Student: 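Below is a structure I'd like to ask you about.
All values derive from a computational prediction rather than experimental measurement. Both counts, for ligands and for their atoms, begin at 1 and track the order of listing.
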Amino acid sequence: MTRTTATTDVAIVGAGPAGLMLAHLLQRAGIDSVAIDIRSREEIENTHRAGILEQDSVRLLVESGVSDRVLCDGYRHAGIDLAFGGGGHRIDFEALVGASVQLYPQTDVFVDLADARARDGGDVRFGVGEVSVADITGDRPRMRFTDADGVRHEVAARILVGSDGSRSICRHEFPESLRRQFFREYPFAWFGILCEAPPSSEELIYSHSERGFALISQRTETLQRMYFQCDPAEDVAAWSDDRVWEELQARVGANGYVLEEGPITSKVVLPFRSFVQEPMRHGNLVLAGDAAHTVPPTGAKGLNLALADVRVLAEELELHLRGDEGALDRYAERALQRVWKAQHFSYWMTTMLHRLPEASDFDVRRQVGELTSLVTSTAGSTYLAEGYTGWPS
Ligand code: DHB
């Protein structure tokens, strides 16, 4: 095993969308980076995640030169349907806040970013092992890993960034006495499917029902993404295609919708969790994206939040490397403000639309009351539209 040593400005642990977007923005500012990931590129590309981009996320991808594909292959959605109490109610983002979102899956965002890194000669190493970081409070923090050929590497940097996802190793480097972790668990999960069928609707349907929540999303003209609330311990093997369709049809049928059916090509159970670690900076290590915070999927804030983090981080890192001592703490403060707004938004959408296992008739009627007050109030609908399409930065 040879040991090779390199130096860079910013060493990035985790080359998912947050890490790659950061590396891309830094390069545009003339700052070098090395990004690593324990997963192979194929593994990341084949992990299905959410599909909705806020308008500022779209703008970031387009204006920084990552992707035009997001505009031509993505689908612009100017609203959503909230379905409850026997019918659907459209929330018209365009009319309420003059904004829209883009249906464009996270896997495509990742592919665009990975291609942009390759095009621009970025240093990204996928499929590495034995990752660790050292000297995070010193001037020369280090990232260590073993590459796919078994060669040990050490990268000395000025700053380390932990964008290593919800199973982050970097966040554990914060001393326990200096960090706080905030959690919320939920007594349900999502059963997610991909199916080969035409779209059942042009926009997303968020459907509340006595049987529980369902979300009808899309991918392309021939591939659709749908979810329904299930028990976190649900076994996908117990769900034949017929049983899945019966459940989905029952949940949206209660609100007057009928789904186009087709062969189901993927079934997964997705856990729900709210999590934040504060602060997001310790010494010369900063966290970004899921490494610092997780939101439940309702409202699709996870990727958007990660992109918002690194947009701010790239700005503040540039200032920090030019000698501005307050810049890293400013990043943490600016990021956390948005993180807690998104935590609330995701929690609110989740608890408004899902059925708790012990829900009484009162609880279900109260949710319908809340949804009714939302859709019959311009102020209420505007609040949802602002949060969904993304708050200005
Ligand atoms: C999708 C996922 C979400 O969590 C959401 O709120 C909207 C869409 C999706 O995968 O398409």
Side-chain angles (χ1 to χ4, degrees), residues 17 45-55 57-58 70 73-84 88 90-91 93 99-111 166 186 188-208 212-230 248 251-252 259-260 264-274 289-290 293-307 342-354 371 384-390:
E45 278 177 22
N46 289 312
T47 311
H48 298 293
R49 303 289 290 269
I52 291 289
L53 294 177
E54 294 173 2
Q55 63 171 11
S57 300
V58 175
V70 63
D73 291 357
Y75 298 81
R76 199 177 75 89
H77 285 197
I80 54 167
D81 271 12
L82 282 182
F84 60 91
R90 183 160 187 268
I91 305 287
F93 301 152
S100 59
V101 294
Q102 197 81 354
L103 180 87
Y104 190 70
Q106 175 163 335
T107 43
D108 289 87
V109 173
F110 170 77
V111 168
S166 56
Y186 299 82
F188 42 74
W190 275 4
F191 195 111
I193 65 157
L194 277 170
C195 65
E196 289 166 359
S200 295
S201 116
E202 282 185 12
E203 293 176 342
L204 271 62
I205 306 167
Y206 286 80
S207 180
H208 172 274
F213 173 71
L215 170 59
I216 309 309
S217 182
Q218 300 87 20
R219 285 295 176 263
T220 65
E221 296 310 316
T222 53
L223 188 69
Q224 312 309 324
R225 183 78 163 147
M226 302 181 193
Y227 305 92
F228 60 92
Q229 174 186 351
C230 69
L248 279 166
R251 294 196 188 189
V252 302
L259 302 174
E260 300 273 3
I264 299 175
T265 55
S266 156
K267 295 174 189 164
V268 281
V269 172
L270 303 161
F272 265 58
R273 194 164 191 237
S274 300
D290 281 4
H293 43 74
T294 311
V295 290
T298 331
K301 282 278 163 269
L303 172 60
N304 291 294
L305 214 44
L307 293 176
Q343 285 292 354
H344 170 67
F345 184 79
S346 307
Y347 167 91
W348 171 64
M349 288 280 282
T350 297
T351 51
M352 180 166 65
L353 289 161
H354 289 70
L371 286 158
L384 185 133
E386 276 171 355
Y388 198 98
T389 56

Student: Measure the OG1-CZ distance between Thr107 and Arg49 for me, rounded to the nearest 0.5 Å.
Tutor: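 Answer rounded to 0.5 Å: 10.0 Å.
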Student: For Asp81, what residues pass the salt bridge (Lys or Arg N to Asp or Glu O under 4.0 Å) criterion, not counting sequence neighbours?
Tutor: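 Asp81 satisfies salt bridge (Lys or Arg N to Asp or Glu O under 4.0 Å) with no residue once adjacent residues are dropped.
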Student: Applying salt bridge (Lys or Arg N to Asp or Glu O under 4.0 Å), name anything that partners Arg90, two or more places apart in sequence or on another chain.
Tutor: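 Salt bridge (Lys or Arg N to Asp or Glu O under 4.0 Å) list for Arg90, sorted by chain: Asp92, Glu203.
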Student: Are the ring centres of His354 and Tyr186 closer than 6.0 Å?
Tutor: no
Student: Checking ring pair (Phe, Tyr, Trp, His ring centres under 6.0 Å) against Phe213, which of Phe228, Trp190, Tyr227 comes through?
Tutor: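 Among the candidates, only Trp190 passes.
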Student: Heavy atoms under 4.0 Å from ligand 1: which residues qualify?
Tutor: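 The 4.0 Å shell around ligand 1 contains Arg49, Ala50, Gly51, Ile52, Trp190, Leu204, Tyr206, Leu215, Ser217, Arg219, Arg225, Tyr227, Pro297, Thr298, Gly299, Ala300.
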Student: In chain order, what residues pass the salt bridge (Lys or Arg N to Asp or Glu O under 4.0 Å) check against Glu45, with sequence neighbours excluded?
Tutor: Arg41
